[in-house]
Enquirer: 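One structure coming up, written as structure tokens, with questions to follow.
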Amino acid sequence: MLTNKLMQIHDLLLAAYGAQGWWPGSGCFETVVGAILTQNTNWANVEKAINKLKSANALDADKLYNMDQDTLAQLIRSAGYYNIKAGRLKNFLNWLYENYDGKLEALANMSVYSLREELLSVKGIGRETADSILLYAFDKPVFVIDTYTARVFIRHGLIEQEADYEQLRDLFESNLPADTKLYNEFHALIVQAGKKHCKPKPKCHGCPLESLPHETQQDY
DNA sequence: GACCAGGCACATC
DNA sequence: GATGTGCATGGT
């Protein structure tokens with residue numbers, strides 16, 4: 001049963017790394033900003049950008065909505081792709097103000113499906129970012145898929161090499177209880193394992209999952 | 001210096 | 001529909 005396999009992996013990773021506690025009490029808005037800033041970017045660089053925003057007393061929807069885009073870009077410089085990301089933050093804020101009066105609380109009561117579709121309609125918010133916002137900012141039981149998730153599960157032969165984002169998401173959501181806390185930790189643990197052992201060029205030695213079958217040797 | 005990071009949109013075939 | 005490319009700082 002896949003459920004058991006998934007839980008075995010979760011338990012091995014949890015035993016090895018401990019609870020990751022992603023975005024603990026950061027607040028909804030900060031989490032949304034972080035989700036956009038971390039696109040294809042090391043979290044340490046994102047933290048610097050978030051701290052810059054805090055220092056400027058600007059980590060606030062109203063402040064960012066009214067801020068000049070170039071000024072915002074300079075504040076988030078350390079997160080990389082700063083011009084692109086400043087635009088994406090602006091796209092999100094413009095959408096929030098035009099449709100929801102700038103109130104994140106207005107989103108919390110929406111159905112997961114509706115909110116996901118609406119987030120995806122914002123340019124710069126793709127599937128992983130939308131799902132990260134749903135899970136980590138709004139506590140919705142949505143499993144976040146990222147590069148590491150695909151890499152780890154393909155390399156272990158748990159899903160076909162050609163599997164796309166939705167197939168991977170379905171693998172988790174269909175075989176695990178809809179448990180926000182479980183999804184939160186599990187995704188973070190997979191990322192942690194990926195950082196250490198599942199680089200594009202494999203470094204499997206010492207990985208908590210090393211003893212599990214690697215049914216594919218193909219690079220992903 | 002090479003490689004990598006908690007993606008996404010867009011162009012082109 | 002698949003594949004390629006630009007975006008960019010900062011750590012290892």
Side-chain angles (χ1 to χ4, degrees), chain A residues 10 13 17-24 26 30-53 69-70 72-95 116-138 140 142-155 160-169 172 180 182-207 218-220:
Chain A
H10 170 269
L13 295 179
Y17 302 127
Q20 298 298 298
W22 271 15
W23 280 308
S26 298
E30 178 174 337
T31 304
V32 172
V33 172
I36 290 172
L37 291 184
T38 198
Q39 292 169 353
N40 200 38
T41 299
N42 188 309
W43 181 251
N45 288 352
V46 176
E47 274 193 313
K48 291 179 183 172
I50 289 187
N51 286 333
K52 272 271 192 185
L53 290 170
Q69 185 169 322
D70 291 332
L72 172 57
Q74 287 309 311
L75 284 171
I76 62 171
R77 199 167 179 279
S78 71
Y81 306 130
Y82 51 85
N83 288 312
I84 293 279
K85 287 173 180 174
R88 290 177 179 175
L89 287 169
K90 281 294 191 182
N91 289 344
F92 172 79
L93 289 161
N94 290 337
W95 167 79
R116 187 170 198 263
E117 290 302 305
E118 291 218 29
L119 288 170
L120 288 172
S121 75
V122 178
K123 275 198 201 314
I125 297 185
R127 288 176 296 196
E128 181 181 345
T129 307
D131 290 344
S132 292
I133 291 171
L134 289 166
L135 177 62
Y136 291 102
F138 291 101
K140 306 290 188 187
V142 175
F143 205 95
V144 180
I145 304 302
D146 72 329
T147 312
Y148 289 126
T149 314
R151 206 181 280 155
V152 170
F153 279 75
I154 287 169
R155 285 189 183 164
E160 57 176 338
Q161 175 129 19
E162 296 74 23
D164 65 16
Y165 187 98
E166 299 301 340
Q167 286 174 284
L168 272 156
R169 195 160 71 92
F172 290 94
T180 296
L182 173 67
Y183 288 7
N184 179 328
E185 270 306 325
F186 202 174
H187 170 71
L189 286 165
I190 291 168
V191 171
Q192 181 64 17
K195 280 184 189 172
K196 285 187 177 290
H197 300 286
C198 219
K199 301 273 187 176
K201 296 181 177 177
K203 296 180 180 175
C204 300
H205 183 64
C207 176
Q218 291 154 314
D219 257 2
Y220 170 73

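Lettering follows sequence order; numbering is per chain, from 1. Given the structure is predicted, the values throughout are model-derived calculations rather than measurements.
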Enquirer: Tell me which residues in residues 116-126 of chain A lie within less than 4.0 Å of DNA chain C, going by non-hydrogen atoms.
Expert: none

Enquirer: Using the six-membered ring for Trp and the full ring for Phe, Tyr or His, decide whether A:Y148 stacks on the six-membered base ring of B:dA5 (centres under 5.5 Å, planes under 30°).
Expert: no

Enquirer: Considering only atom C1', compute the distance from B:dC3 to C:dA8 and round it to an integer number of Å.
Expert: 15 Å

Enquirer: Would you tell me if any nitrogen or oxygen in the side chain of A:Y165 comes within less than 4.0 Å of OP1 or OP2 on B:dG7?
Expert: no

Enquirer: How many whole angstroms separate atom CG of A:D146 from atom P of B:dG6?
Expert: 8 Å

Enquirer: Using heavy atoms to find the nearest nucleotide of DNA chain C for A:K48 and A:T41 separately, return the residue whose nucleotide is more 5′.
Expert: A:T41

Enquirer: Can a donor-acceptor pair be found, under 3.5 Å and without considering hydrogens, that links the side chain of A:K85 to the backbone of A:A79?
Expert: yes

Enquirer: Is A:F153 close to A:I145 at the side-chain level, that is, under 4.5 Å between some pair of heavy atoms?
Expert: no

Enquirer: B:dC8 and C:dG10: how far apart are their P atoms, nearest whole angstrom?
Expert: 22 Å

Enquirer: Please write out each protein N/O paired with an N/O of nucleotides 11-13 of chain B under 3.5 Å, distance rounded to 0.1 Å.
Expert:
none

Enquirer: Taking the minimum atom-to-atom distance to the side chain of A:T129, which one of B:dA5, B:dG6, B:dG7 wins?
Expert: B:dG7

Enquirer: Using the C1' atom on both, measure C:dG11 against B:dG1 and round to a whole Å.
Expert: 14 Å

Enquirer: Using whole Å, what does the distance between atom P of nucleotide B:dA5 and atom CG of A:L37 come to?
Expert: 18 Å

Enquirer: Report, one line per pair, each donor and acceptor closer than 3.5 Å where one atom sits in a side chain of residues 122-136 of chain A; sequence neighbours left out.
Expert:
from: A:T129; atom 1: OG1; to: A:Q39; atom 2: NE2; distance (Å): 2.9
from: A:D131; atom 1: OD1; to: A:R116; atom 2: NE; distance (Å): 2.6
from: A:D131; atom 1: OD1; to: A:R116; atom 2: NH2; distance (Å): 3.4
from: A:D131; atom 1: OD2; to: A:R116; atom 2: NH2; distance (Å): 3.0
from: A:D131; atom 1: OD2; to: A:Y165; atom 2: OH; distance (Å): 2.7
from: A:S132; atom 1: OG; to: A:E128; atom 2: O; distance (Å): 2.9
from: A:Y136; atom 1: OH; to: A:N184; atom 2: O; distance (Å): 2.8

Enquirer: Checking the side chain of A:Q20 only, and the main-chain atoms of A:G18 only, is there a donor and an acceptor separated by less than 3.5 Å?
Expert: yes

Enquirer: Could you give all pairs that pass the salt bridge (Lys or Arg N to Asp or Glu O under 4.0 Å) test and reach residues 36-52 of chain A, with sequence neighbours left out?
Expert: none

Enquirer: Does A:R151 place a side-chain N or O at less than 4.0 Å from the phosphate oxygens OP1/OP2 of B:dA5?
Expert: yes

Enquirer: Where does the chain A footprint on DNA chain C start and end, counting 5' to 3' with a 4.0 Å heavy-atom cut-off?
Expert: C:dC7 to C:dG11

Enquirer: So if I take residues 77-89 of chain A and measure heavy-atom distances to DNA chain C, which residues fall below 4.0 Å?
Expert: A:R77, A:S78, A:G80, A:Y81, A:Y82, A:N83, A:I84

Enquirer: Would you say A:W43 and A:W22 make side-chain contact, with heavy atoms under 4.5 Å?
Expert: no

Enquirer: Over how many whole Å does the gap from A:F143 atom CZ to B:dG6 atom C1' extend?
Expert: 13 Å

Enquirer: Rounded to whole angstroms, how far apart are CG on A:N91 and P on B:dA9?
Expert: 10 Å

Enquirer: Under the criterion of centre distance below 5.5 Å and interplanar angle below 30°, is A:W43 classified as stacked on the base of B:dG6?
Expert: yes

